[in-house]
Peer 1: 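One structure coming up, written as structure tokens, with questions to follow.
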Amino acid sequence: MHDRQEQISQVVVTSAQMREIEGRIFAAGMPVAALMEKVAIAISRRVQELGSHGSRGVGEMIREQLPLRPRLCVGILVGPGHNGGDALVVARELHFRGYEVWIYSPLSKLKELTQQHFLYAQSLGIPCYQEIEQLPNCDFLIDGLFGFGLERALTDLIASAINQINEWKKPIISIDLPSGLHTDTGEVLGTAIRATYTFCLGLWKLGLLQDQALEYVGKAELIDFDIPLADIQAVLGSPSVKRITPKSALSTLPLPRPTVTHKYKEGHLLLICGSRRYAGGAILTGLGARASGVGMLSIAVPESLKPQMSAQLPEALIIGCPETPSGAIAQLELPEKTDLSSFNAIACGPGLTKDAHPILQQVLDSTSPLVLDADGLNILAQMSTITTLQKRQAATVLTPHAGEFQRLFPDVPDAKKDRVVAVREAAVQSGTVVLLKGARTAIANPQGEVWINPESTPALARGGSGDVLTGLLGGLLAQANSKHITVEEIVATAAWWHAQAGILAAQERTELGVDAYTLTQYLIQVLLKWSIRSENDEMMTGARSTYIKQIFKIADII
Ligand SMILES: NC(=O)C1=CN([C@@H]2O[C@H](COP(=O)(O)OP(=O)(O)OC[C@H]3O[C@@H](n4cnc5c(N)ncnc54)[C@H](O)[C@@H]3O)[C@@H](O)[C@H]2O)[C@H](O)CC1
Ligand SMILES: [K+]
């Protein structure tokens with residue numbers, strides 16, 4: 001069961017893929033009405049959990065507002081399709097559980113199954129309204145207007161009703177997707193419900209993981225309804241878009257370490273960063289690399305930065321390089337008998353300034369895996385990016401934010417419209433792994449596979465946090481060859497780890513308290529938090545299986 005949950009939680013689908021998977025289920029004999037019932041009962045149960053006393057959810061919020069209200073009043077928004085059908089089943093179930101239920105159904109032409117549920121709800125005496133103004137004051141709402149069947153911009157009638165509903169500032173639970181969002185791109189088609197919770201049905205919809213959707217999605221969770229893995233496999237093959245999960249991220253960390261090892265076996269990373277103007281970028285990149293656990297860390301900086309670098313990172317080999325009049329690295333001067341290929345990985349860019357452009361060609365000509373960030377990317381953007389990158393044999397990872405991405409890849413589809421399409425196109429064209437930073441960082445490999453980090457925090461939107469990621473990523477890349485892990489999986493792990501550190505820091509210090517230096521201090525705490533959690537899971541699973549064995553033993557079954 002656990003494995004299924006993990007597999008399902010990684011899958012991301014478009015509306016077309018969901019339609020195809022749904023079609024296989026119905027073709028295999030599952031009646032549409034039965035599936036709707038199965039799904040909507042699961043939704044109803046979850047709504048009641050949220051609405052129950054003491055849960056940190058809708059019920060908690062409502063009780064703070066209306067402690068005396070004898071029973072919760074819920075408004076059900078019903079659309080013409082099966083999303084509306086789901087909502088009507090939920091309406092019926094909450095009605096039987098004692099909730100005061102009202103229905104708003106703006107369109108008179110409903111799909112047959114939805115129509116049947118509508119008639120039954122009316123037969124139970126549940127009040128149904130066609131005008132949003134008629135809907136009495138509810139404690140919370142269930143949004144079943146549109147799911148993954150939304151095909152075009154909303155009509156004015158429905159758009160103005162949704163805007164009105166959003167004005168009420170009531171908790172809203174959206175079924176499958178907040179109505180009005182494009183299922184694949186997350187684009188707002190006119191307007192959209194601002195959900196407090198989104199209960200995504202069966203498999204994660206791609207649109208819920210796109211930056212432009214996030215202010216509408218609220219807290220998203222998956223309602224599993226036992227879609228056979230075989231149907232998912234048949235339609236998706238190996239999923240082209242995956243969610244990064246704690247389990248997948250932790251599994252690629254260079255942990256546990258072999259009992260017998262030494263510092264050179266745990267990777268040697270070269271950072272090329274910093275300038276007189278941006279010394280801090282070099283320090284932050286170094287601290288990110290330190291946290292990765294990399295065995296040996298060399299940092300090439302302009303000569304004048306050497307003292308402060310050694311003070312901040314005494315364990316690192318600081319390589320003082322000749323500098324330009326503006327205080328940038330003029331040329332790389334590596335210790336004798338070493339050249340760029342001596343390093344397991346190179347990370348280049350933070351704080352370099354564009355005056356360091358001669359360095360870039362050197363690192364591009366190297367045969368080591370290479371991470372380019374910040375000015376490393378800005379200098380690259382001045383070269384013919386795609387052809388330059390295609391010449392490299394070794395792995396190359398680019399970590400642009402939206403602006404750097406636009407400069408690097410002016411000809412790929414607009415990342416604002418669909419980040420997944422844009423990052424995939426950039427990676428395929430350039431033959432590199434591209435990490436496009438954002439609220440939901442997206443990573444693509446040259447084969448066009450995409451990973452999305454589903455959890456982050458606006459606390460990371462600060463100068464320097466990208467430098468930390470570059471060091472962390474470079475350090476993990478330098479250790480990668482000790483395990484058979486792909487570069488893109490390492491990149492996905494670095495993105496997850498970096499975001500988790502931001503989340504942990506923000507929990508303890510608020511979203512204003514996560515400067516880049518502080519962020520570096522939370523990186524190791526992420527591993528402690530998740531290793532404790534997975535030990536607990538193991539223990540729980542272990543405890544649970546022991547407990548079950550005891551019961552069966554008593555019953556003399558095993
Ligand atoms: N996938 C599954 O296994 C299950 C899905 N369920 C639910 O069904 C919806 C999808 O239902 P569908 O009828 O295909 O579409 P919607 O209800 O999302 O769309 C409504 C309907 O409205 C029409 N329409 C499209 N765009 C517009 C518009 N802009 N204005 C007006 N009308 C529009 C279009 O004809 C659509 O058919 C899914 O989200 C789940 O909630 C099952 O309940 C369980 C299994
Ligand atoms: K919906």
Side-chain angles (χ1 to χ4, degrees), residues 8 11 13-28 30-44 47 75-91 104-118 141-162 165-166 172-184 187-208 213 216-218 220 222-228 231-232 235:
I8 289 286
V11 175
V13 290
T14 62
S15 59
Q17 289 166 334
M18 195 67 202
R19 188 72 69 198
E20 202 178 332
I21 289 167
E22 180 188 60
R24 289 176 61 88
I25 296 170
F26 299 143
M30 179 68 161
V32 178
L35 191 58
M36 182 177 284
E37 201 66 20
K38 179 180 173 75
V39 168
I41 295 287
I43 297 170
S44 314
V47 169
I76 309 278
L77 313 175
V78 173
H82 288 176
N83 199 244
D86 287 347
L88 286 163
V89 173
V90 174
Y104 164 64
S105 175
L107 300 174
S108 49
K109 198 173 170 328
L110 309 178
K111 276 190 172 177
E112 190 190 342
L113 186 53
T114 307
Q115 178 64 18
Q116 287 171 309
H117 283 298
F118 185 76
L141 297 126
I142 306 273
D143 160 30
L145 288 169
F146 298 103
F148 72 78
L150 185 67
E151 295 144 349
R152 53 191 184 278
L154 298 173
T155 56
D156 292 350
L157 167 88
I158 296 181
S160 58
I162 287 178
I165 291 161
N166 286 337
I172 303 176
I173 298 171
S174 281
I175 296 175
D176 215 5
L177 296 116
S179 298
L181 286 191
H182 188 288
T183 309
D184 302 348
E187 187 189 348
V188 176
L189 298 177
T191 186
I193 289 279
R194 290 179 181 275
T196 317
Y197 284 86
T198 296
F199 290 173
C200 184
L201 303 181
L203 296 169
W204 287 106
K205 307 305 180 295
L206 181 54
L208 298 178
Y216 295 88
V217 173
L222 193 65
I223 303 269
D224 185 4
F225 56 83
D226 303 318
I227 298 176
D231 286 322
I232 300 169
V235 171

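All ligand and atom numbering here is 1-based and tracks the order in the structure.
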Peer 1: Would you say Gly84 and ligand 1 have an N/O pair spaced under 3.5 Å apart?
Peer 2: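 No; the residue has no nitrogen or oxygen that sits under 3.5 Å from a nitrogen or oxygen of the ligand.
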
Peer 1: Report the C-alpha separation of Glu22 and Met30 in whole Å, then their side-chain angles, then the decisive distance to 0.1 Å, and conclude whether the side-chain contact (heavy atoms from CB on, under 4.5 Å) test is met.
Peer 2: CA-CA 10 Å; Glu22 180 188 60; Met30 179 68 161; over 6 Å; no

Peer 1: Which residue supplies the protein heavy atom nearest to atom 26 (N) of ligand 1, what is that atom called, and how far is it?
Peer 2: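 For atom 26 (N) of ligand 1, the nearest protein heavy atom comes out as Glu151 N, 3.1 Å.
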
Peer 1: Measuring from atom CD1 of Ile76 to atom CD1 of Ile142, what distance do you get when rounded to the nearest 0.5 angstrom?
Peer 2: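 Atom-to-atom, Ile76:CD1 and Ile142:CD1 are 5.0 Å apart.
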
Peer 1: Who's the nearest protein heavy-atom neighbour of atom 4 (C) of ligand 1, and how far?
Peer 2: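 So the nearest neighbour among protein heavy atoms is Glu22 OE2, 3.2 Å.
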
Peer 1: Using side-chain heavy atoms (C-beta onward) and a distance below 4.5 Å, is His117 in contact with Glu37?
Peer 2: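 The answer is yes, as the side chains (C-beta and beyond) meet within the 4.5 Å cut-off.
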
Peer 1: Just distances here: any N/O of Thr155 and N/O of ligand 1 closer than 3.5 Å?
Peer 2: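 By distance alone, the answer is no.
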
Peer 1: Any side-chain heavy atom of Thr114 sitting closer than 4.5 Å to one from Pro80?
Peer 2: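 When only atoms from C-beta onward are counted, Pro80 and Thr114 do not touch, as no gap falls below 4.5 Å.
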
Peer 1: With heavy-atom distances below 4.0 Å as the criterion, list the atoms of ligand 1 near Ala153.
Peer 2: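 In order of number, 29 (N).
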
Peer 1: Are any of the N/O atoms on Met18, whether in the backbone or the side chain, positioned under 3.5 angstrom from an N/O atom of ligand 1?
Peer 2: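 No; the residue has no nitrogen or oxygen that sits under 3.5 Å from a nitrogen or oxygen of the ligand.
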
Peer 1: Any N/O/S atom, backbone or side chain, of Gly79 lying under 3.4 Å from the K ion (ligand 2)?
Peer 2: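 Under 3.4 Å: Gly79 has no N, O or S contact with the K ion (ligand 2).
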
Peer 1: Short list, please: which atoms of ligand 1 are under 4.0 Å from a heavy atom of Pro80?
Peer 2: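 So the atoms of ligand 1 that pass are 21 (C), 22 (O).
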
Peer 1: Of Phe148, Phe26, Phe146, which has the heavy atom at the shortest distance from atom 10 (C) of ligand 1?
Peer 2: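 Looking at heavy atoms only, Phe148 sits closest to atom 10 (C) of ligand 1.
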
Peer 1: Hey, is the main chain of Val217 close enough, under 3.5 Å, to the side chain of Thr198 for a donor-acceptor pair?
Peer 2: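 Pair found, side chain donor or acceptor close to backbone of Val217.
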
Peer 1: Out of Leu110, Val39, Asp176, Ile21, whose heavy atom sits nearest atom 38 (C) of ligand 1?
Peer 2: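 Answer by nearest heavy atom: Asp176.
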
Peer 1: Give the residue, atom name and distance (to 0.1 Å) of the protein heavy atom nearest atom 9 (C) of ligand 1.
Peer 2: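 Nearest protein contact, heavy atoms only, for atom 9 (C) of ligand 1 is Asn83 N, 3.6 Å.
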
Peer 1: Compute the angle centred on the K ion (ligand 2) spanning OD1 of Asn83 and O of Ile175, and express it rounded to 10 degrees.
Peer 2: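 With the K ion (ligand 2) as the vertex, OD1 (Asn83) and O (Ile175) sit 80° apart.
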
Peer 1: Taking the K ion (ligand 2) as the vertex, what is the angle from O of Asp143 to O of Phe146, given to 10 degrees?
Peer 2: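 Output for this angle: 150°, rounded to tens.
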
Peer 1: Can you tell me if, anywhere in Ile193, an N/O/S atom lies at a distance from the K ion (ligand 2) that is smaller than 3.4 Å?
Peer 2: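 For Ile193, the answer is no, given that no N, O or S atom comes within less than 3.4 Å of the K ion (ligand 2).
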
Peer 1: Is there side-chain contact between Leu77 and Ile193, with at least one heavy-atom pair below 4.5 Å?
Peer 2: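 When only atoms from C-beta onward are counted, Ile193 and Leu77 do touch, with a gap below 4.5 Å.
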
Peer 1: In this structure, does ligand 1 have an atom that sits under 4.0 Å from one of the heavy atoms of Arg19?
Peer 2: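 Per 4.0 Å heavy-atom rule, Arg19 contacts ligand 1.
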
Peer 1: Spell out, as yes or no, whether a donor-acceptor pair under 3.5 Å connects the side chain of Asp143 to the backbone of Pro178.
Peer 2: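 No, Asp143 side chain to Pro178 backbone: no donor-acceptor pair under 3.5 Å.
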
Peer 1: Of the options Ile175, Leu222, Ile227, which is the one that meets Leu201 in a side chain to side chain contact (heavy atoms under 4.5 Å, CB included)?
Peer 2: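 With Leu201 as partner, side chain to side chain contact (heavy atoms under 4.5 Å, CB included) holds for just one option, Ile175.
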
Peer 1: Going by heavy atoms in the side chains, are His182 and Leu150 under 4.5 Å from each other?
Peer 2: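 Counting from C-beta outward, His182 and Leu150 never come under 4.5 Å.
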
Peer 1: To the nearest 0.5 Å, how far apart are CD1 in Ile25 and CD in Glu20?
Peer 2: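 The CD atom of Glu20 is 11.5 Å from CD1 of Ile25, to the nearest 0.5 Å.
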
Peer 1: Just jot down the ligand 1 atoms closer than 4.0 angstrom to any heavy atom of Leu35, in number order.
Peer 2: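 Per the distance check, 3 (O), 45 (C).
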
Peer 1: Measure the NZ-CD1 distance between Lys38 and Ile223 for me, rounded to the nearest 0.5 Å.
Peer 2: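 Between Lys38 NZ and Ile223 CD1, I get 12.0 Å after rounding to 0.5 Å.
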
Peer 1: Quick check: does Ser179 have an N/O/S atom under 3.4 Å of the K ion (ligand 2)?
Peer 2: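 Coordinating: yes.
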
Peer 1: Within the 4.5 Å heavy-atom criterion, are Phe148 and Val13 side-chain neighbours or not?
Peer 2: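 No; the side chains remain at least 4.5 Å from each other.
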
Peer 1: Under the side-chain contact (heavy atoms from CB on, under 4.5 Å) criterion, do Leu189 and Arg152 qualify, and how do the steps go?
Peer 2: CA-CA 7 Å; Leu189 298 177; Arg152 53 191 184 278; over 6 Å; no

Peer 1: What is the nearest protein non-hydrogen atom to atom 3 (O) of ligand 1, stated with its residue, atom name and distance?
Peer 2: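 Closest protein heavy atom to atom 3 (O) of ligand 1: Phe225 CZ, 3.4 Å.
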
Peer 1: Strictly under 4.0 Å, does any heavy atom of Gly202 approach an atom of ligand 1?
Peer 2: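 In this structure, Gly202 fails to qualify as a contact of ligand 1 - no heavy atom is under 4.0 Å.
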
Peer 1: Which ligand 1 atoms are under 4.0 Å away from a heavy-atom of Leu150?
Peer 2: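 Matching atoms, with element in brackets: 18 (O), 25 (C), 26 (N), 27 (C), 28 (C), 29 (N).
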
Peer 1: Heavy-atom contacts with Gly147 under 4.0 Å: which atoms of ligand 1 show up? List them by number with element.
Peer 2: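 Those atoms are 16 (P), 18 (O), 39 (O).
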
Peer 1: Mind checking the OG1-CD spacing from Thr183 to Gln17? Nearest 0.5 Å is all I need.
Peer 2: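 Result: 12.0 Å between the selected atoms.
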
Peer 1: Provide, to 0.1 Å, the distance between atom 8 (O) of ligand 1 and the closest protein heavy atom, together with that atom's residue and name.
Peer 2: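 Its nearest protein heavy-atom neighbour is His82 CB, 3.2 Å.
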
Peer 1: Starting from atom 15 (O) of ligand 1, find the nearest protein heavy-atom neighbour and note its residue, name and distance.
Peer 2: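 Residue, atom and distance for the closest contact: Gly149 CA, 3.3 Å.
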
Peer 1: Going by the order shown, which atoms of ligand 1 are within less than 4.0 Å of some heavy atom of Leu201?
Peer 2: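 So the atoms of ligand 1 that pass are 40 (C), 41 (O).
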
Peer 1: In the protein, what heavy atom is nearest to atom 40 (C) of ligand 1, and what distance, to one decimal place, separates them?
Peer 2: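 Residue, atom and distance for the closest contact: Asp86 OD2, 3.2 Å.
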
Peer 1: Is the K ion (ligand 2) less than 3.4 Å from at least one N/O/S atom of Asp176?
Peer 2: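 So Asp176 does not bind the K ion (ligand 2) by this criterion.
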
Peer 1: Nearest protein heavy-atom contact for atom 29 (N) of ligand 1: which residue, which atom, what distance?
Peer 2: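 Result for atom 29 (N) of ligand 1: Arg152 O, 2.9 Å.
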
Peer 1: Between Asn166 and Ala192, is there a donor-acceptor pair closer than 3.5 Å when you use the side chain of the first and the backbone of the second?
Peer 2: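 Yes.
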
Peer 1: Checking only N/O/S atoms, does Leu177 have one that is under 3.4 Å from the K ion (ligand 2)?
Peer 2: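 Within the cut-off used here (under 3.4 Å), Leu177 does place an N, O or S atom near the K ion (ligand 2).
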
Peer 1: Are any of the side-chain heavy atoms of Ile172 and Arg194 separated by less than 4.5 Å?
Peer 2: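 When only atoms from C-beta onward are counted, Arg194 and Ile172 do not touch, as no gap falls below 4.5 Å.
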
Peer 1: For ligand 1, which atoms have a heavy atom of Lys111 less than 4.0 angstrom away?
Peer 2: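 Close to Lys111: 12 (P), 13 (O), 14 (O), 37 (O).
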
